[in-house]
Peer 1: 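Have a look at this one before I ask anything.
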Amino acid sequence: MIDLATLKEKLALPRKIIITTHHKPDGDAMGSSLGLYNYLIQKGHHVKVISPTDYPYFLHWLPNNAEVVIYTEKEEESKKLVAEAELIFCLDFNALSRINELGEEVRNSSALKIMIDHHLEPEGFDDFRHWNIHASSTAELIYDFIVHQLGDGKFINKDVATCLYTGIMTDSGSFRFPNVTSNLHRIVADLIDAGAENWRIHQQVYDNATENRLKFLGFCLSNRLEVLGDFNTALISVSKEDLKPYNIQTGETEGIVNYALSINGIKLAAFIVERSEKVKLSLRSVGTFPANEICKKYFNGGGHRNAAGGASDESFETVVAKFKSILPEYKELLLA
Ligand code: 5GP
Ligand code: MN
């Protein structure tokens with residue numbers, strides 16, 4: 001591990017820098033990555049953002065999104081960039097398995113690895129970390145890193161502010177989760193002062209659906225929602241066949257799980273979707289119920305207590321049945 005003074009010294013000269021984030025990046029992953037990118041380029045660094053996979057269309061408007069390299073589309077270029085990097089920033093994840101094949105490239109690289117993250121249980125591949133599980137988002141930590149650790153508040157320009165606002169907004173459920181503090185609102189106020197157009201960001205992320213996506217949501221709620229009243233649990237499960245008529249793209253299923261959680265009395269909500277490679281689970285919970293424990297124990301995943309995810313190679317039907325069979329184990333907590 002190195003200390004902040006050493007990192008500051010490294011950053012005093014223009015460096016070759018890679019920023020990477022977890023696969024299937026969400027608003028916080030891309031917002032924090034491009035927020036940091038838009039800061040570092042002002043300091044004269046040569047910076048590339050590498051995403052392990054593609055990501056939702058409603059994040060493609062982020063400032064300098066065109067500079068992002070997608071590993072699965074440009075493997076050789078990505079590997080070369082990682083091999084040549086002097087510093088690698090790893091944002092919004094803390095285990096190299098979260099960046100797929102890119103993980104081994106990063107592990108084998110001689111670059112200095114800086115992890116900025118808010119998830120539990122870091123694996124420990126990093127040389128410097130800014131890590132706080134109580135942070136609302138990685139974007140909040142990037143703000144803290146730039147403003148308080150590096151003392152560079154004056155570099156929070158409109159592009160940086162726009163990206164960080166997006167990360168905070170999406171990971172805090174639009175400023176409504178328990179990790180939203182008065183201090184976070186002060187940060188957000190600062191970002192608006194720096195040029196983040198809050199109303200436009202909300203519109204671009206949330207009011208940007210295709211007609212198909214909205215019709216698919218209607219289908220899910222009418223035909224695929226199961227309320228398991230004995231366990232205060234609601235489940236929406238969709239098969240590959242269900243997705244087909246609506247031509248559902250990356251990211252278009254995001255947020256559907258929250259409709260299941262919005263039912264009065266529900267403590268645990270699940271969204272299970274059969275993708276071409278794997279069956280993916282998204283869990284959301286209320287209060288102290290540990291959604292991440294279920295994901296870690298049964299579905300090769302993890303995340304936060306109230307928002308977690310996982311995946312399985314088993315069949316769609318098996319995963320749905322397995323999820324239901326786990327609930328009795330948690331009955332006491334779910335009914336508390
Ligand atoms: P989502 O349901 O939106 O895919 O994920 C919710 C949260 O769980 C996110 O904070 C994400 O980082 C985490 N998460 C999702 N999938 C996985 C996974 O496979 N492994 C781990 N460790 N965390 C995950
Ligand atoms: Mn995050």
Side-chain angles (χ1 to χ4, degrees), residues 19-36 51-53 55-56 58-59 89-100 103 115-123 125 130-145 163-174 177 179-180 184 205 235-238 250-261 268-273 275 277-285 289-313 319 323:
I19 300 169
T20 190
T21 189
H22 61 80
H23 74 112
K24 294 287 172 193
D26 56 9
D28 188 32
M30 291 316 297
S32 54
S33 295
L34 283 166
L36 182 63
S51 170
T53 64
Y55 48 94
F58 57 77
L59 298 173
F89 281 88
C90 297
L91 308 187
D92 204 34
F93 72 94
N94 62 30
L96 290 174
S97 60
R98 296 278 289 145
I99 57 172
N100 305 348
M115 182 194 96
I116 304 181
D117 178 55
H118 66 142
H119 292 91
L120 299 165
E121 298 170 4
E123 172 190 312
F125 61 83
H130 185 33
W131 175 64
N132 181 356
I133 58 164
H134 303 295
S136 66
S137 52
T138 298
E140 178 184 349
L141 295 173
I142 297 289
Y143 177 93
D144 191 55
F145 178 64
C163 294
L164 297 184
Y165 186 101
T166 302
I168 294 170
M169 177 189 82
T170 51
D171 249 31
S172 68
S174 298
F177 292 157
N179 51 19
V180 175
L184 185 70
V205 173
L235 163 70
I236 296 172
S237 52
V238 291
T250 298
E252 287 191 294
T253 56
E254 208 165 288
I256 293 180
V257 65
N258 295 319
Y259 289 92
L261 196 67
L268 176 65
F271 181 75
I272 303 179
V273 57
R275 292 281 180 196
E277 342 71 85
K278 276 175 189 296
V279 178
K280 170 90 181 88
L281 288 94
S282 280
L283 299 195
R284 298 292 183 270
S285 70
F289 188 85
N292 52 354
E293 189 184 307
I294 295 184
C295 289
K296 190 173 174 199
K297 207 164 152 188
Y298 296 102
F299 300 108
N300 320 302
H304 311 282
R305 189 173 62 195
N306 298 133
S312 172
D313 291 322
V319 174
F323 174 76

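Both counts, for ligands and for their atoms, begin at 1 and track the order of listing.
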Peer 1: Give me the residue, atom name and distance of the protein heavy atom closest to atom 11 (C) of ligand 1.
Peer 2: Arg98 NH2, 3.6 Å
Peer 1: Contact between Pro25 and Thr53 at the side-chain level, heavy atoms closer than 4.5 Å - yes or no?
Peer 2: yes
Peer 1: Please examine the side chains of Ile99 and Phe93, heavy atoms only from C-beta on, and report whether any two atoms are closer than 4.5 Å.
Peer 2: yes
Peer 1: Do Phe289 and Ile294 touch side chain to side chain, with heavy atoms closer than 4.5 Å?
Peer 2: yes
Peer 1: Have a look at Ser312, Ser97, Gly309, Gly27 and point out the one with the heavy atom closest to atom 16 (N) of ligand 1.
Peer 2: Gly309
Peer 1: Which atoms from ligand 1 have a heavy atom of Ser282 less than 4.0 Å away?
Peer 2: 1 (P), 2 (O), 4 (O)
Peer 1: Which distance, rounded to the nearest 0.5 Å, do you find between the CG of Leu235 and the CG of Leu283?
Peer 2: 9.5 Å
Peer 1: Is there a side-chain contact between Asp171 and Ser136, using heavy atoms and a 4.5 Å cut-off?
Peer 2: no
Peer 1: Below 4.0 Å from any atom of ligand 1, is there a heavy atom belonging to Ala311?
Peer 2: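 In this structure, Ala311 fails to qualify as a contact of ligand 1 - no heavy atom is under 4.0 Å.
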Peer 1: Quick one: look up the protein heavy atom nearest atom 24 (C) of ligand 1 and list residue, atom name and how far away it is.
Peer 2: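 The answer is Gly302 O, 3.4 Å.
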Peer 1: Would you name the heavy atoms of Ser282 and Val257 that are closest together and state the gap between them?
Peer 2: O-CG2, 3.7 Å
Peer 1: Is there side-chain contact between Arg275 and Val273, with at least one heavy-atom pair below 4.5 Å?
Peer 2: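 They are in side-chain contact.
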Peer 1: Suppose we measure from atom 7 (C) of ligand 1 to each protein heavy atom; which comes out shortest, and what is that distance?
Peer 2: Ala307 O, 3.3 Å
Peer 1: Does Arg284 approach ligand 1 within less than 4.0 angstrom via side chain, backbone, both or neither, non-hydrogen atoms only?
Peer 2: side chain
Peer 1: Using a strict cut-off of 2.8 Å, how many protein N/O/S atoms surround the Mn ion (ligand 2)?
Peer 2: 4
Peer 1: Using the ring of each side chain (for Trp, its six-membered ring), is Phe299 parallel, tilted or perpendicular to Phe323, with breaks at 30° and 60°?
Peer 2: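 Taking Phe323 first and then Phe299, their aromatic rings sit tilted (interplane angle of 30° to 60°).
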Peer 1: Do Asp117 and Leu141 make a side-chain contact, defined as non-hydrogen atoms from C-beta onward lying under 4.5 Å apart?
Peer 2: no
Peer 1: Between Phe125 and Cys90, is any pair of side-chain heavy atoms under 4.5 Å apart?
Peer 2: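 When only atoms from C-beta onward are counted, Cys90 and Phe125 do touch, with a gap below 4.5 Å.
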Peer 1: Counting from 1, what ligand 1 atoms have a heavy atom of Gly301 closer than 4.0 Å?
Peer 2: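 Answer, ordered by atom number: 18 (C), 19 (O), 20 (N), 21 (C), 22 (N).
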Peer 1: Under a 4.0 angstrom heavy-atom cut-off, which atoms of ligand 1 come close to His119?
Peer 2: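 Close to His119: 10 (O), 12 (O).
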Peer 1: Run through Asn132, Asn94, Asn179, Asp92 and flag the one making a side chain to side chain donor-acceptor pair (under 3.5 Å) with His118.
Peer 2: Asp92
Peer 1: Taking heavy atoms and a distance under 4.0 Å, where does His304 meet ligand 1: side chain, backbone, both or neither?
Peer 2: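 The side chain, only.
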Peer 1: Mind checking whether Lys280 has an N or O less than 3.5 Å away from an N or O of ligand 1?
Peer 2: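 In this structure, Lys280 places an N or O atom under 3.5 Å from an N or O of ligand 1.
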